[in-house]
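Structure first, then comments.
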Amino acid sequence: MTWPVPTGRLVALAALAALAIVLVGDLGSVAAGPLSFGAAFLIANAVVAAIAVGDALAAVRPRSIDVERAFPPVVTIGDDVELVWRVGSTAGRQALVSVADEVPSSFDTGRRRFTATVPPSGLVTSRIGAAPRRRGRFTLPELVVRTRSPLGLIHWQQRRAVRDQMRVLPPFRSQRDAELALHQARTFDTGLRSVRGAGTGTDFDSLRELTPDDQTRHIDWAATARRGRPIVRTYRAEQNQTVVVAVDTGRLMAGRVGGAPRLEWAMDGAMLLAEVATGLGDRMGLVAFDRGVHTVVDPSNRRGQRRTVTDAMFDLEPSLDESELAVLAEWMLTRHRRRAMLVIVTELAAEVVQEFVLPVLPSLTRSHHVVVVAVRDPDLAAWAAPGGTNHDAEGAFLRAESVRVGRQRDEIAGRMRRLGARVVDVTPDRLSAALVDVYLDAKHFGRL
């Protein structure tokens with residue numbers, strides 16, 4: 001729908017006409033003439049209205065203006081994004097066009113509207129920079145197009161439903177750590193002499209001559225007999241193993257730690273393991289859960305799996321429910337009968353762990369190598385430190401509560417370890433290194 005909108009110029013013109021009638025009336029010119037004061041006022045307003053109508057009819061209508069948005073459909077938090085508006089005119093005369101866009105406030109743009117003079121049957125382009133600060137799916141639903149009349153007395157305005165979408169993906173904070181871990185693992189050939197437990201095997205790599213550092217149990221006697229000198233078998237870490245990262249999306253994951261919600265750190269850990277595991281030939285998959293399993297990425301070692309995992313997580317949000325590990329355990333034991341490394345990223349809240357985690361953990365650890373990962377608030381250690389600067393009653397209470405929470409987390413972690421799980425409870429700055437270490441350790445010692 002298109003409608004006219006009066007401008008400040010029209011209001012000013014009407015006010016000037018009224019002022020002129022008043023001044024002339026005060027001088028007696030109107031009263032002495034053939035017109036009364038009221039008639040002169042009506043005539044002046046009619047003249048102003050006629051000028052406005054003529055000006056409005058001479059304006060280019062919004063229907064003659066085409067507006068198109070252009071922007072990348074998928075971006076990552078921290079990227080600089082350029083939003084482009086292309087404004088074209090099919091009219092045969094110049095048009096002064098204003099465009100206002102419903103750009104989300106989280107895009108952190110300098111402006112959301114612009115004005116440009118479009119030549120006859122021409123095209124103009126306007127650009128702005130944006131920096132998305134929230135992840136998720138964002139819809140840009142409407143544009144408001146406004147054209148100005150030649151005298152600037154009237155604007156023609158039109159709302160247009162131009163629905164575009166942009167997906168904002170979570171940032172990969174640990175990308176440099178992943179690249180470093182891959183480089184080190186490949187350089188030192190992690191797992192070349194992988195030691196496996198009883199009843200398990202390794203992937204044979206090659207034969208070579210015995211060195212003083214080799215174990216005699218690795219001697220290949222058939223090859224030794226054929227060559228007439230001691231030959232040993234070398235092994236490499238098994239590839240095509242399965243790593244499944246289970247991201248808790250329950251209410252506890254909404255808590256902020258280190259400047260970001262726990263769920264954001266869980267996503268970063270999932271992207272890190274996807275990059276490292278697939279880079280070393282293993283298959284990595286993802287599952288998100290709270291009261292049920294709702295986001296699944298099947299394990300794969302193909303290139304681009306990290307991107308697939310990122311795409312699956314971009315619109316995850318914490319729910320209002322407590323997460324139930326039983327639904328994850330049922331899903332995991334049904335879908336993955338072969339032994340895998342299950343990394344559960346959750347929060348170590350004592351009541352929740354006792355009710356929902358501990359009863360289910362033994363069934364998981366019997367079939368899989370289970371790693372429970374939690375992000376510890378770095379402020380806990382600072383508040384619990386005996387040399388703190390705050391010595392009043394509030395500071396003493398804060399320190400006592402921090403000590404209590406820390407001990408409670410350690411106790412819960414100890415109980416999970418006794419049930420066969422490996423527990424990683426670290427601050428955000430140590431999370432990436434701890435995840436890489438626990439994964440490489442599992443590969444090196446054949447725990448998968």
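Since we're looking at a predicted model, the values are computed, not measured.
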### Message
Working note: Arg86 + Asp66, criterion salt bridge (Lys or Arg N to Asp or Glu O under 4.0 Å); need CA distance, chi angles, decisive distance, verdict.
### Response
CA-CA 8 Å; Arg86 298 189 181 97; Asp66 295 324; over 6 Å; no
### Heavy-atom neighbours of Arg167 CZ exceed 12 at 6.0 Å
yes
### Side-chain donor-acceptor contact under 3.5 Å, Thr7 with Arg9
no
### Message
What's the separation between atom CZ in Arg160 and atom CZ in Arg63, rounded to the nearest 0.5 Å?
### Response
11.0 Å
#### Entry: Polar contact flag, side-chain donor to acceptor under 3.5 angstrom, Asp290-Thr249
yes
#### Entry: Side-chain heavy atoms of Val87 within contact of Ile65, under 4.5 Å
yes
### Message
Is it the case that the side chain of Arg112 and the backbone of Val103 share a donor-acceptor pair, with hydrogens and angles ignored and the cut-off at 3.5 Å?
### Response
yes
### Query
What closest approach, in Å, do Ala131 and Asp108 show between heavy atoms, and which atom pair accounts for it?
O-CB, 3.4 Å
### Query
With a cut-off of 6.0 Å (strictly less than), are more than 12 heavy atoms of other residues, nucleotides or ligands near CZ of Arg111?
yes
### Message
So, taking the atom named CG in Leu273 and the one named CZ in Arg306, what distance separates them when rounded to the nearest 0.5 Å?
### Response
12.5 Å
### Query
Ignoring hydrogens and geometry, is there a side-chain-to-backbone donor-acceptor pair from His155 to Arg146 under 3.5 Å?
no
#### Entry: Salt bridge present between Arg176 and Glu179 (N-O < 4.0 angstrom)
no
## Note on the structure
Looking only at heavy atoms, the pair that brings Asp101 and Glu142 closest together is OD1-O, 3.2 Å
### Task
Enter the distance from Met341:CE to Tyr439:OH here, rounded to the nearest 0.5 Å.
8.5 Å
### Query
Is NZ or CZ of Arg226 both nearer than 6.0 Å to the six-membered ring centre of Trp221 and within 45° of the ring axis?
no
### Query
Do you know which two heavy atoms are closest between Leu207 and Arg233, and how far apart they sit?
CD2-CG, 3.6 Å
### Task
Indicate whether the side chain of Ser323 and that of Asp248 have a donor and an acceptor atom separated by less than 3.5 Å.
yes
### Message
Between Arg283 and Ser300, do the side chains contain a donor N or O and an acceptor N or O under 3.5 Å apart?
### Response
no
#### Entry: Side-chain donor or acceptor of Arg256 paired with backbone N/O of Gly259 under 3.5 Å
yes
### Task
Give the intermediate values and the outcome of salt bridge (Lys or Arg N to Asp or Glu O under 4.0 Å) for residues Asp268 and Arg173.
CA-CA 6 Å; Asp268 189 66; Arg173 298 180 176 89; 5.1 Å; no
### Query
For the atom pair CE (Met267) and CZ (Arg262), what is the distance rounded to the nearest 0.5 Å?
15.0 Å
### Query
Would you say Met284 and Val245 make side-chain contact, with heavy atoms under 4.5 Å?
yes
### Query
If we only count heavy atoms from C-beta on, is the Arg339 to Gln241 side-chain gap below 4.5 Å?
no
### Task
Might you point out which heavy atoms bring Thr117 and Val124 nearest each other, and give the distance in Å?
O-CG1, 3.6 Å
### Task
For atom CD of Glu102, decide whether the heavy atoms of other residues, nucleotides or ligands shown that lie under 6.0 angstrom number more than 12.
yes
### Task
Please determine which of Val423, Leu325, Val244, Val373 meets the side-chain contact (heavy atoms from CB on, under 4.5 Å) test together with Ile344.
Leu325
#### Entry: N/O donor-acceptor pair under 3.5 Å between Thr334 side chain and Trp331 backbone
no
### Query
So among Asp379, Val375, Leu431, which one has a side-chain contact (heavy atoms from CB on, under 4.5 Å) with Val257?
Val375
### Query
Does any non-hydrogen side-chain atom of Val5 lie less than 4.5 Å from one of Ile154?
no
### Task
Answer whether the closest heavy-atom distance between the side chains of Pro170 and Met271 falls below 4.5 Å.
yes
### Flag, side chain of Arg69 to backbone of Val162, donor-acceptor distance under 3.5 Å
yes
### Query
Does the side chain of Arg307 come under 3.5 Å of the side chain of Gln305 through a donor N or O and an acceptor N or O?
no
### Message
Is it the case that over 12 heavy atoms from other parts of the model lie below 6.0 angstrom from the CZ atom of Arg133?
### Response
yes
### Query
So, Thr365 side chain and Leu419 main chain: donor-acceptor pair closer than 3.5 Å or not?
yes
### Task
Compare all side-chain heavy atoms of Val424 with those of Val371 and state whether any distance is below 4.5 angstrom.
yes
### Message
Looking at Val81, is its backbone amide N or carbonyl O close enough to the side chain of Asp79 to form a donor-acceptor pair, meaning the two atoms are under 3.5 Å apart?
### Response
no
### Query
Is it true that the side chains of Arg135 and Thr310 contain a donor and an acceptor less than 3.5 Å apart?
no
### Task
Ignoring hydrogens and angles, state whether a donor on the side chain of Thr308 or Arg302 is under 3.5 Å from an acceptor on the partner side chain.
yes
### Query
Distance from Met166 atom CE to Phe107 atom CZ, nearest 0.5 Å?
4.5 Å
### Query
Does the pair Lys443 and Asp282 meet the rule for a salt bridge (Lys or Arg N to Asp or Glu O under 4.0 Å), with working shown?
CA-CA 10 Å; Lys443 280 185 69 67; Asp282 287 333; 2.9 Å; yes
### Query
Given side chains that start at C-beta, do those of Leu342 and His369 come closer than 4.5 Å, heavy atoms only?
no
### Query
How long is the span from the CD atom in Glu317 to the CG atom in Leu263, to the nearest 0.5 Å?
7.0 Å
### Flag, side chain of Trp156 to backbone of Ala56, donor-acceptor distance under 3.5 Å
yes
### Query
Mind checking whether Leu361 and Met416 have side chains closer than 4.5 Å, heavy atoms only?
yes
### Task
Using modelled atom types only, decide if a donor and an acceptor are shared between the side chain of Arg93 and the backbone of Ala59 within a distance under 3.5 Å.
yes
#### Entry: Test item: Thr139 side-chain N/O and Pro141 main-chain N/O as donor-acceptor pair under 3.5 Å
no
### Task
For residues Pro428 and Arg376, report the shortest heavy-atom separation together with the two atoms involved.
CD-O, 3.5 Å
### Summary
Heavy atoms of Ala91 and Val60 approach each other most closely as CB-CG1, 3.7 Å
